[in-house]
Amino acid sequence: NAGVTQTPKFRVLKTGQSMTLLCAQDMNHEYMYWYRQDPGMGLRLIHYSVGEGTTAKGEVPDGYNVSRLKKQNFLLGLESAAPSQTSVYFCASTPWGTSGANVLTFGAGSRLTVL
Amino acid sequence: GNSVTQMEGPVTLSEEAFLTINCTYTATGYPSLFWYVQYPGEGLQLLLKATKADDKGSNKGFEATYRKETTSFHLEKGSVQVSDSAVYFCALPSQSYNQGGKLIFGQGTELSVKP
């Protein structure tokens, strides 16, 4: 039961570098999300996807891009990293439908430091 | 959209003490309400939920009652253990009639239980 797997778990970048965080889920969930967690601010939604081939902006999308080419994968990209993007990033997924709606399954997180 | 306000931490208790973590919300209609827990080094996981007014969610000795009169969903536990040390997040859908997840989270309350 892998659930939601995030890679890498840790990464240090220099300002201006680019990178991609990968999220993979094996539960056949329709909806996937990327959140960032910062001290005292809870979790904030960056981007989300309601199905393969679709993406939408969340609360704090600037500086990030996403892609959902396959149903099981949701990629988060930073084109030009900035120190303000130092954070812990969480991917989550949920099945479509009322019974499972809103119960999110989270990955273990990816800690990103931008110097 | 909906919003949530959560009691600030950190909270430090002795083992077997009573725990209350306050959570109040603003929402249209009566959306489901959630408590998620994050143990050190892990992602968030669902602790309990309530899907309609006056419902009580419970799990692992924790309880929370959906109170529409006071727009609250306070988390309680009668006797905490060291293993309950974690960060607790109150959450609800960003829009009451959205079936697509998109939860909004409180800022989190860190609980530390001492032996």
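A, B, ... follow the sequence lines: proteins, then strands. Residue 1 opens every chain.
No more than 12 heavy-atom neighbours from other residues, nucleotides or ligands sit within 6.0 angstrom of CD on E8(B). In this structure, E16(B) places its CD atom where only 12 or fewer heavy-atom neighbours from other residues, nucleotides or ligands lie under 6.0 Å away. Crowding of R111(A) atom CZ: a count of heavy atoms from other residues, nucleotides or ligands under 6.0 Å not exceeding 12. With a 6.0 Å radius and a threshold of 12 heavy atoms from other residues, nucleotides or ligands, E15(B) has its CD atom above the threshold.
Following chains of ILVMFWY side-chain contacts shorter than 4.5 Å, one can reach Y39(B) starting from W35(B), so the two form part of one hydrophobic cluster. Y48(A) and W34(A) end up in different hydrophobic clusters when Ile, Leu, Val, Met, Phe, Trp and Tyr side chains are linked at under 4.5 Å.
Distance OH/Y36(B) to CG/L104(A): 4.0 Å, rounded to 0.5 Å. With values rounded to the nearest 0.5 angstrom, L103(B) atom CG is found 5.0 Å from Y35(A) atom OH.
With a 4.5 Å cut-off on non-hydrogen atoms, L45(A) touches chain B through its side chain but not through its backbone. Looking at Q37(A), only its side chain comes within 4.5 Å of chain B, counting heavy atoms on both sides. Neither the backbone nor the side chain of Q6(B) comes within contact range of chain A, judged by heavy atoms closer than 4.5 Å.
A pairwise comparison of heavy atoms in K102(B) and Y33(A) identifies N-CE2, 3.4 Å as the closest pair. Across all their heavy atoms, F106(A) and L44(B) have their closest contact at CB-O, 3.3 Å. Taking each heavy atom of Q38(B) and F90(A) in turn, the nearest pair found is NE2-CZ, 3.2 Å.
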